[in-house]
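Below: the structure, in structure tokens.
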Amino acid sequence: MKLTEAALSEQRQKAAQAGRWRRLPLIQSPFLRLALWVGLVVYLILALSSVEVNWARVAEGAGRGLEFLAAFTRPDFISRWDDIWAGLLESLTMTVTSTVIGVALAVPVGLGAARNIAPLPVYWVCRGIIAVSRTFQEVIIAILFVVMFGFGPFAGMITLAFATIGFMAKLLAEDIEDLDERQVEAVRATGAGWWQTLNHAVQPQVMPRLIGLSMYRLDINFRESAVIGIVGAGGIGATLNTSINRYEYDTSAAVLLIIIAIVLLSEYSSSFVRRWTQ
Amino acid sequence: MPVSTSPQGQPQWRLRTTKAQWLGYLAWLAGISLFLLCWKVISDNTMWVFVEDAGRQGTDLISRMLPPEWTYAHQLWLPMWDTLNIATLGTALGIMMAFPVAFLAARNTSPHPLIRSLALTIIVSSRSINSLIWAMLLVTILGPGVLAGIIAIALRSIGFVGKLLYEAIEEIHPTPVEAIAATGASRMQVMSYGVLPQVLPAFAGISVYRWDINIRESTVLGLVGAGGIGLQLNASINSLAWDQVSVIFVMIFATVLVSEWISAKVRHAII
């Protein structure tokens with residue numbers, strides 16, 4: 001028999017008066033709760049049994065792990081500085097160009113993917129672009145573009161721009177779908193055309209968020225530019241990859257510290273820019 | 001909004017003052033110059049012969065990918081299961097570690113400003129370093145395999161879950177916390193009866209969201225030797241078996257779509 005809401009709460013009241021109060025569980029149905037627990041235990045047994053660990057290898061590597069941690073106390077910026085600087089410059093330029101190009105391309109796609117202003121066929125095409133761009137990891141896309149465009153930062157730039165399109169367009173489209181309809185209607189009531197409505201009713205409403213998201217994406221693109229170098233798409237990732245493969249942990253530590261510093265810097269400056277534009 | 005007066009003595013409305021307008025132009029000029037400068041660096045480092053060839057290479061690539069070699073899919077079930085395990089166990093491990101870190105990082109639950117800044121440092125460093133880099137490091141330490149992938153995903157997840165969770169903790173209602181504290185409850189009791197119930201739904205939502213992202217991330221960890229379907233992807237690419245690569249892509253695409261659907265469903269149910 002299923003208890004009604006009122007009866008349940010009365011039961012809880014009585015329990016509380018008898019001093020047997022219990023916190024309300026996150027999942028109400030006790031059956032579902034039990035099923036979830038059983039499923040979880042079964043899954044954990046199955047999953048953990050598929051993890052094979054070569055303990056001899058781990059013991060051997062543990063020393064290397066400590067060595068790596070120790071490297072953070074004495075990062076070596078100097079001996080490979082030329083490589084680090086070249087990689088860093090490539091990463092930073094890739095970040096800027098890819099964000100600009102990506103955002104510029106994401107705006108039309110985002111407009112097309114907003115159900116309230118785009119016709120249905122356009123909507124489906126744009127949603128398809130977004131789905132493909134968001135599904136695949138940047139690294140996978142980088143592999144394909146490296147095959148097409150050759151090694152170097154150009155392939156990396158295209159990769160990041162492509163990933164930016166999916167990210168920005170999705171959020172922009174959601175923003176446009178949520179916008180205040182009254183302003184759109186007011187502008188349309190003056191006899192404005194599609195472009196004029198876009199320019200005077202839609203754009204002012206989404207612009208602050210668009211700028212904020214672009215800054216956030218700049219941050220993400222820099223972080224991603226540090227990995228696509230592993231598959232040959234330029235940037236600081238290549239430097240990092242080489243230093244790890246050569247067990248030069250002092251240099252790796254230096255590169256990682258630089259990455260963390262730049263991410264911190266961009267995080268602070270982006271919050272500053274967002275406050276300034278809003 | 002500035003109003004200036006025209007020579008005829010009529011007030012004119014303008015969106016910005018002259019100064020603000022010039023500042024705007026200057027910002028645009030600086031932005032465009034920066035973009036062009038960056039573009040120059042990239043174009044100097046690019047082999048343009050290869051770029052001109054890209055269209056032909058692209059069509060060649062697609063023609064090699066089609067038709068996909070569907071029989072290859074049977075060899076992919078086990079790597080796919082590994083990928084799912086990396087993502088799920090990694091997320092579980094990550095949120096277990098992120099949970100205390102978030103409480104130490106939130107302004108209203110942190111015991112000491114010094115501990116708070118330490119927790120924030122953990123969160124930032126974990127967020128700055130991609131899971132692929134974590135995996136690369138862990139493979140050299142632990143050796144190739146699923147375990148390195150799980151730990152890489154976990155270390156990366158700490159920052160994401162920690163950041164969102166500590167923001168959720170900072171936004172809680174203070175009244176229930178004060179009410180519990182007024183009954184004479186200890187610090188831990190206040191946490192468990194005043195703070196925890198308020199952030200639990202957000203916590204569950206964030207975890208499922210991160211799991212969904214981790215499925216995507218774990219598909220490539222194999223490229224550096226950390227197990228999962230990425231190993232197969234790497235092998236197929238290295239042997240130029242592009243018709244197998246397309247099967248893997250279809251598989252990843254389907255898995256990510258399903259995980260996204262599950263994550264959206266669960267978050268709707270909780271929040």
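Sequence lines set the chain letters: A, B, ... in the order given, protein chains first and strands last, and positions in each chain run from 1. Reckoned from all heavy atoms, side chains included, excluding hydrogens, waters and symmetry mates.
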- Query: If you count heavy-atom pairs under 4.5 Å with chain B, which of A:I259, A:I220, A:L144 comes out on top?
  - Reply: A:L144
- Query: Side chain, backbone, both or neither: which part of A:N245 has an atom under 4.5 Å from a heavy atom of chain B?
  - Reply: neither
- Query: Going by distance alone, is a donor N or O of one side chain under 3.5 Å from an acceptor N or O of the other, for A:N221 and A:T164?
  - Reply: yes
- Message: Are B:L66 and B:D243 packed together at the side-chain level, in the sense that at least one heavy-atom pair is separated by less than 4.5 angstrom?
- Response: no
- Donor + acceptor pair across side chains of A:E138, A:T159 (<3.5 Å): no
- Message: Quick check on B:L223 against chain A: is it the side chain, the backbone, both or neither that has a heavy atom closer than 4.5 Å?
- Response: side chain
- Among the listed options A:F154, A:Y249, A:F145, the residue most often paired with chain B at heavy-atom distances under 4.5 Å: A:F154
- Max heavy-atom pair count under 4.5 Å with chain A, selected residue of B:V146, B:L34, B:T88: B:T88
- Query: Relative to chain B, which of A:F222, A:F151, A:Y43 shows the most heavy atom pairs under 4.5 Å?
  - Reply: A:Y43
- Task: For the pair B:D60 and B:R56, find out whether any cationic side-chain nitrogen is under 4.0 Å from an anionic carboxylate oxygen.
- Result: no
- Query: For A:A226, is it the side chain, the backbone, both, or neither that has a heavy atom closer than 4.5 Å to a heavy atom of chain B?
  - Reply: both
- Query: If you tally heavy-atom pairs under 4.5 Å against chain A, which of B:I215, B:I237, B:L147 wins?
  - Reply: B:L147
- Is it the backbone or the side chain of B:T219 that comes under 4.5 Å from a heavy atom of chain A, or both, or neither? side chain
- Message: Tell me which of these, B:L138, B:L89, B:I150, B:I86, has more heavy-atom pairs under 4.5 Å with chain A than the rest.
- Response: B:L89
- Message: Would you say that A:L256 contacts B:I133 through its side chain, given a criterion of any heavy-atom pair below 4.5 Å between the two side chains?
- Response: yes
- Query: Relative to chain B, which of A:I260, A:L264, A:L66, A:V147 shows the most heavy atom pairs under 4.5 Å?
  - Reply: A:I260
- Message: Looking at chain A, which one of B:E260, B:K40, B:M136 has the largest number of heavy-atom pairs inside 4.5 Å, strictly under?
- Response: B:M136
- Task: Please state whether the side chain, the backbone, both or neither of A:L257 comes within less than 4.5 Å of a heavy atom of chain B.
- Result: neither
- Contact check, side chains of B:T255 and B:M80, non-hydrogen atoms, under 4.5 Å: yes
- Query: chain A heavy atoms under 4.5 Å from B:V245: which part of the residue, side chain, backbone, both or neither?
  - Reply: neither
- Is there a donor in the side chain of B:Q244 and an acceptor in the side chain of B:S236, or the other way round, less than 3.5 Å apart? yes
- Side-chain H-bond candidate by donor/acceptor type, A:D219 with A:S266, under 3.5 Å: yes
- Can you tell which of A:L46, A:L48, A:I140 has the highest number of heavy-atom pairs within less than 4.5 Å of chain B? A:I140
- Item | For chain A, the option from B:L233, B:L257, B:V220, B:L37 that forms the most heavy-atom pairs under 4.5 Å | B:V220
- Message: Please classify the contact between B:L36 and chain A as side chain, backbone, both or neither, with a heavy-atom cut-off of under 4.5 Å.
- Response: neither
- Task: Counting only heavy atoms closer than 4.5 Å, note whether B:I42 contacts chain A via side chain, backbone, both or neither.
- Result: both
- Please walk me through it: do A:L160 and A:T99 pass side-chain contact (heavy atoms from CB on, under 4.5 Å)? CA-CA 7 Å; A:L160 293 178; A:T99 311; over 6 Å; no
- Query: Between A:R217 and A:F167, is NZ or CZ placed under 6.0 angstrom from the six-membered ring centre and within 45° of the ring axis?
  - Reply: yes
- Query: Taking the side chain as C-beta and beyond, is there a heavy-atom pair between B:W211 and B:I262 under 4.5 Å?
  - Reply: yes
